[in-house]
K.L.:
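Supplied in structure tokens, the structure appears directly below.
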There are 2 protein chains.
Amino acid sequence: MEESTVLIVDDESAIRDMVTVALEVAGYRCLQAENARDAHALIIDESPDLVLLDWMMPETSGLELLRRLRRDELTAKLPVIMLTAKAEEDNMIQGLDSGADDYMSKPFSPRELIARIKSALRRQDAKNQEEPIQVDGLLFDPISHHVSINDKALSMGPTEFRLLSFFLSHQDRVYSRGQILDHVWGGNVYMDERTVDVHIRRLRKALGIDGHERFIQTVRGAGYRFSQKLVAD
Amino acid sequence: MEESTVLIVDDESAIRDMVTVALEVAGYRCLQAENARDAHALIIDESPDLVLLDWMMPETSGLELLRRLRRDELTAKLPVIMLTAKAEEDNMIQGLDSGADDYMSKPFSPRELIARIKSALRRQDAKNQEEPIQVDGLLFDPISHHVSINDKALSMGPTEFRLLSFFLSHQDRVYSRGQILDHVWGGNVYMDERTVDVHIRRLRKALGIDGHERFIQTVRGAGYRFSQKLVAD
DNA sequence: CGACAGCGTGACAATTATATGACACTAATG
DNA sequence: CATTAGTGTCATATAATTGTCACGCTGTCG
């Protein structure tokens, strides 16, 4: 599976290190920032999957950063868990109102932290993945693992299924072969990029003549794009 | 790669010189202005890639200039890093709210300065690569690799796409064939400069009769210019 | 006017990118 | 163990793109 990246934002380095250790044991990648400004830069540059955000920080407060994140479309849906000292718990209502997904009071146990992170990531994933997706005549049900087009069931291999799944949640955007390899095959794969071509071919075949050039478009020199819109080339 | 131009705006010439040295060592081009009025003129004329802006200046303050830049569409997305004395740090919230991308407290180390500049330029690059650009009837979407004019999809080769992309982020300025070769074909290319002519021709063709002479103008003896404004030669 | 440089245009062959079919290898299944 | 479905790589076929060139037009300058 894909390794998720978590950004911890806190001005106390002890907290950051504790969290980092816990996260790495649990198989996450961890980034650190000690103030809101660095955090914002890291979020833009590294696009982490989740942010742990301390409430009280010098300069810009966590709440301000949170609001800033929510305002920008690129980061609007990024899961954020706020960290807070016991005494500030009352403020958390404000935090949740501003778009935090969860919060934890210091001190917290690493176990609980990991649990909440997992939960938040699962919810985020669920938002993107668990509902059946229907585009045009194509019905994709990730729970039952069924794919049909105009009520006619399709058959495809696991890789084609993942590939289709990836495309469905990333429509109208061109991905290079390398990016597709990363997302669909997961992590650091050393593999011939042309393999992607072959699986694209197989997926197209599986989608049948209807979806042949309709859904998956080749963008010469760039990669592939899934789109339900017909594009005049 | 491309050499970025940075404009330093400060009323203290010592600061300006120090920054200039640091920037030139790091491979940037550097412009100087000692007040907001000159700065504004330079921004319009030279279109720098980033502005270092002092907070306190006689006459117009940095903050006012910043607001002015943000109001004008042409300069709205120009990265601005504010410079501030320690004592004024509280005001920086106001600065960030007004659209500064970052700030630095004097005195600062050249290293840190360069790091922040790099980071800001990187972010700007990312933004430019991600956001669709619309000028007149022309819509350029780098994410989906779609180009359309008056909602009619256009088709063009990868090189024409890159060429258009370059022009869109460098409008209203004449580029020689050599410069275009450098920017669009990347780095040290040994190639017939007249190849550029051919690709200009292809791009014009792809843009259709509408954009034929409208967007890309020939400047005899100098090169080409992309502009949404009609220019009387 | 005439020579000339700068540019536009269409054609074309070389190059490069992508599509497709075949095959060997692996893991899963009964 | 035999069978089967699935995977990754390769060779070949097909298609799109690219750089160059030759030719013609147009404005410039003496």
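Side chains are part of it too, since the values below use all heavy atoms of this structure and drop only hydrogens, waters and symmetry mates. In the text below, chain A, chain B and the rest are named by the order of the sequence lines, each starting its count at 1.
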K.L.:
Specify the separation, in whole Å, of atom CZ of B:Arg177 and atom C1' of C:dC7.
P.N.:
7 Å
K.L.:
Before accepting this row, confirm whether a basic side-chain N of the pair B:Asp192/B:Arg194 lies closer than 4.0 Å to the acidic partner's carboxylate O.
P.N.:
no
K.L.:
Using the ring of each side chain (for Trp, its six-membered ring), is B:Trp185 parallel, tilted or perpendicular to B:His199, with breaks at 30° and 60°?
P.N.:
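Perpendicular: the ring planes of B:Trp185 and B:His199 meet at over 60°.
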K.L.:
A:Arg204 has an atom CZ; how far is it from atom C1' of C:dA19, in whole Å?
P.N.:
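Checked: the CZ to C1' distance equals 8 Å.
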K.L.:
How close or far is atom P of D:dT17 from atom CG of B:Leu163, stated in whole angstroms?
P.N.:
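Going from B:Leu163 (CG) to D:dT17 (P), I get 15 Å.
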K.L.:
So, is A:Thr218 close to the C:dA17 phosphate, meaning a side-chain N or O under 4.0 Å from OP1 or OP2?
P.N.:
no
K.L.:
Classify every nucleotide of nucleotides 7-14 of chain D by which part a protein heavy atom approaches to under 4.0 Å, writing B for the base, S for the sugar-phosphate alone and - for neither, in 5'-to-3' order.
P.N.:
BBBB----
K.L.:
Enter the distance from A:Gln228:CD to A:Gln171:CD here, rounded to the nearest 0.5 Å.
P.N.:
5.0 Å
K.L.:
Between C1' on C:dC7 and CZ on B:Arg225, what's the gap in Å once rounded to a whole number?
P.N.:
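Taking CZ of B:Arg225 and C1' of C:dC7, I get 16 Å after rounding.
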K.L.:
Look at A:Tyr224 and C:dA19 and indicate whether a side-chain polar atom (N or O) is within less than 4.0 Å of OP1 or OP2.
P.N.:
yes
K.L.:
Count the heavy atoms of every other residue, nucleotide or ligand shown that sit under 6.0 Å from CZ of B:Arg68, and state whether that count exceeds 12.
P.N.:
no
K.L.:
Separation of B:Met156 atom CE from D:dT18 atom P, in whole Å?
P.N.:
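Atom CE in B:Met156 sits about 11 Å away from atom P in D:dT18.
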K.L.:
Using atom CD1 of B:Ile180 as one end and atom C1' of C:dC7 as the other, report the distance to the nearest whole Å.
P.N.:
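In whole Å, C:dC7 C1' and B:Ile180 CD1 are 13 Å from each other.
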K.L.:
Can you name the residues that form a salt bridge (Lys or Arg N to Asp or Glu O under 4.0 Å) with A:Asp38, not counting sequence neighbours?
P.N.:
B:Arg116
K.L.:
NA contact type, B:Val196, heavy-atom cut-off 4.0 Å: base, sugar-phosphate, or nothing?
P.N.:
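Nothing, no nucleic acid heavy atom in range.
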K.L.:
Take the protein atom CD of B:Gln217 and the nucleotide atom C1' of C:dG8, then report the distance between them rounded to whole Å.
P.N.:
16 Å
K.L.:
Rounded to whole Å, how long is the line connecting atom CG of B:Asp197 with atom P of D:dC25?
P.N.:
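To the nearest whole Å, that distance equals 18 Å.
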K.L.:
According to the interplanar angle, ranging from 0 to 90°, do the rings of B:His170 and B:Tyr175 count as parallel (below 30°), tilted (30 to 60°) or perpendicular (above 60°)?
P.N.:
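Perpendicular: the ring planes of B:His170 and B:Tyr175 meet at over 60°.
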K.L.:
Going by the rule side-chain hydrogen bond (donor to acceptor under 3.5 Å, both in side chains), which residues pair with A:Asp172 if we only count those two or more places apart in sequence or in a different chain?
P.N.:
A:Ser227, A:Lys229
